[in-house]
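Below: one structure, written as structure tokens.
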Protein chains: 2
Amino acid sequence: MSTENYKKTVIPEKVVARLPLYRRIVRNCLNNKIKVISSEELAEAAMVNSATVRRDFTFLGSLGVRGSGYDVEVLDRAISQKLGAHNTWPVLIAGAGNLGRALTNSPGFNANGFFVVGLFDIDPGVIGAKVGDLKVEDMSALSRRVTGLRNPIGVIATPPAAAEATVNLMIEAGILSILNFAPILLRTDESVRVRNVDLSLELEILAFYLNQT
Amino acid sequence: MSTENYKKTVIPEKVVARLPLYRRIVRNCLNNKIKVISSEELAEAAMVNSATVRRDFTFLGSLGVRGSGYDVEVLDRAISQKLGAHNTWPVLIAGAGNLGRALTNSPGFNANGFFVVGLFDIDPGVIGAKVGDLKVEDMSALSRRVTGLRNPIGVIATPPAAAEATVNLMIEAGILSILNFAPILLRTDESVRVRNVDLSLELEILAFYLNQT
């Protein structure tokens, strides 16, 4: 596949979903001073098979594979480039309860180009409270705070009953990418990308295996 | 496929990982009084293709498909049975910070047979605090609390630096299923099943698509 061609190739959604995981594994290698990783080792850590890893990596362009595997630094750069790590994405979190606070302070929400710029709530008892370096703002200030931001990402960490209204508020404010942690399936029209995260999904997978034993 | 055969069939890990999501979609139908759902509708909601849905469902045994789709109640029962919803799983959470508190109170951790029986921390300033109906216990009490529990599931909601020690503590206490929310990849020997959850992974997927526009 020529450089010209792969740049135009649309990466399938399933492959995109695995890229952050591959990067996490690769960064783990970097931290442990491991310089080369095989597709088999990557596959095991990512819980897929090695053919999948090799096929996924065709979307990353030329990786200059060594006999024994991939160069970890090259791989990190190639994945990061695809994921757009040279960009920055301001994150606005709605809901300053335990989950909203946990996300505001979590390393993953303040790395790889992400940074939490605002935490919002409707509860007067919570507005004004300090969470990390931020002060909880009134939800009504969200729209104003979005103005002028490039590529803002909205995060729903509200109770389920408030989730739908909050999504609508975010869309009206011009946010087109939303991550939903509320335990309901949110749907929007196609111009807005919503990803629903279910904190208990992995719990149910664990239970499945417990059930087999 | 006869009843005899499908019972013995090992369900591939990828299929298992989709079952909780299918159930969530099906429950959403139940709540909205929708009685029948097609594989196409399920596929769209689960972001897979409909052939995958139909293939996945072969592992659920006979679903008595109607012309227009699957009976939602039959589907809910079949998936729940596979996921072992007739069982109960006590959940023990290590780390009573914002994330541990959010998980303790989250609906998904207190439904479908799961119930949080203990929340633990090492910080004397936190031990004894009330979170929902629970009191935060000293981490040293975890081992004692596991004794006599059937199918306990341990959850790591500690800072990353404490995660590895906490996993070892859980394994020594006899916990064989662990859900790790700390942002490090935990590995254990094969007798213990660990699933690593990355809260920022979906954020990175959203960013990928923002990067394309």
Side-chain angles (χ1 to χ4, degrees), chain A residues 11 13 16-17 19-21 23-25 28 45 47-48 82-85 87 89 91 97-103 105-109 111-114 151 153 155 157 160 176-179 181 183-185 187 193 195 197-213, chain B residues 11 13-14 16-17 19-21 23-25 28 45 47 82-85 87 89 91 97-103 105-109 111-114 151 153 155 157 160 176-179 181 183-185 187 193 195 197-213:
Chain A
I11 307 187
E13 189 147 350
V16 171
L19 291 181
L21 180 58
R23 180 162 66 178
R24 203 174 168 200
I25 296 161
N28 206 39
M47 298 198 289
V48 294
K82 273 290 163 210
L83 288 174
N87 278 342
W89 295 276
V91 176
N98 287 314
L99 182 60
R101 287 162 192 250
L103 296 174
N105 292 325
S106 84
F109 277 59
N112 296 320
F114 303 103
N151 293 333
I153 296 178
V155 175
L176 297 174
S177 298
I178 295 171
L179 194 57
F181 282 89
I184 58 165
L185 281 175
R187 307 263 205 140
R193 189 172 285 271
R195 293 196 69 99
V197 181
D198 187 342
L199 293 176
S200 59
L201 198 133
E202 293 283 336
L203 200 60
E204 294 175 48
I205 296 171
L206 273 178
F208 170 86
Y209 288 104
L210 275 171
N211 203 36
Q212 307 298 298
T213 53
Chain B
I11 307 187
E13 189 147 351
K14 280 184 199 174
V16 172
L19 291 181
L21 180 58
R23 180 160 68 177
R24 202 173 168 200
I25 297 161
N28 205 40
M47 297 198 292
K82 272 290 163 211
L83 289 174
N87 277 343
W89 295 277
V91 176
N98 286 314
L99 182 61
R101 286 162 192 249
L103 297 174
N105 291 325
S106 85
F109 278 59
N112 296 321
F114 302 105
N151 292 333
I153 296 178
V155 175
L176 297 176
S177 298
I178 294 171
L179 194 57
F181 282 89
I184 58 164
L185 282 174
R187 307 263 205 139
R193 188 173 285 268
R195 293 197 70 98
V197 181
D198 187 342
L199 293 176
S200 59
L201 198 131
E202 293 282 337
L203 200 60
E204 294 175 49
I205 296 171
L206 274 178
F208 171 85
Y209 288 106
L210 276 173
N211 204 37
Q212 307 298 297
T213 53

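Chain letters run A, B, ... following the sequence lines, proteins first, then strands; residues in each count from 1. Heavy-atom basis, side chains included; hydrogens, waters and symmetry copies ignored.
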Fill in: Heavy-atom pairs under 4.5 Å with chain A, option from B/Asn28, B/Leu176, B/Ile153 with the top count
B/Ile153
Discussion item. With a 4.5 angstrom heavy-atom cut-off, is it the side chain or the backbone of A/Phe109 that approaches chain B, or both, or neither?
Written reply: both
Worksheet entry | When B/Val91, B/Leu199, B/Asp198 are compared by non-hydrogen pairs under 4.5 Å with chain A, the top option | B/Asp198
Practice prompt. Apply the test side chain to side chain contact (heavy atoms under 4.5 Å, CB included) to residues A/Leu103 and A/Phe181: give CA-CA distance (whole Å), side-chain angles for both, the deciding distance (0.1 Å), then the verdict.
Written response: CA-CA 10 Å; A/Leu103 296 174; A/Phe181 282 89; 3.6 Å; yes
Fill in: Which residues share a side-chain contact (heavy atoms from CB on, under 4.5 Å) with B/Ile25, sequence neighbours left out
A/Leu185, B/Leu21, B/Ile37, B/Leu42, B/Ala45, B/Ala46
Discussion item. Please rank B/Val155, B/Leu201, B/Leu19 by heavy-atom pairs under 4.5 Å with chain A and give me the top one.
Written reply: B/Leu201
Fill in: Contacting region of B/Leu99 [heavy-atom separation from chain A under 4.5 Å]
both
Practice prompt. May I ask you to say whether A/Arg193 pairs ionically with B/Glu202, meaning some side-chain N is under 4.0 Å from a carboxylate O?
Written response: no
Item to complete: Give, as side chain, backbone, both or neither, the part of B/Ser177 having an atom under 4.5 angstrom from any heavy atom of chain A.
Response: both
Worksheet item: With chain A, which of B/Ala207, B/Ala102, B/Ser200, B/Ser106 has the greatest number of heavy-atom pairs at distances under 4.5 Å?
Response: B/Ala207
Worksheet item: Do B/Trp89 and A/Leu203 come close enough that some side-chain heavy atom pair is under 4.5 Å?
Response: no
Fill in: Distance (rounded to the nearest 0.5 Å) between B/Arg195 CZ and A/Glu204 CD
11.5 Å
Worksheet entry | Options B/Pro20, B/Gly84, B/Gly108, ranked by heavy-atom pairs under 4.5 Å with chain A, top entry | B/Pro20
Worksheet item: Can you list the residues that meet the side-chain hydrogen bond (donor to acceptor under 3.5 Å, both in side chains) rule with B/Asn112, with sequence neighbours excluded?
Response: B/Arg27
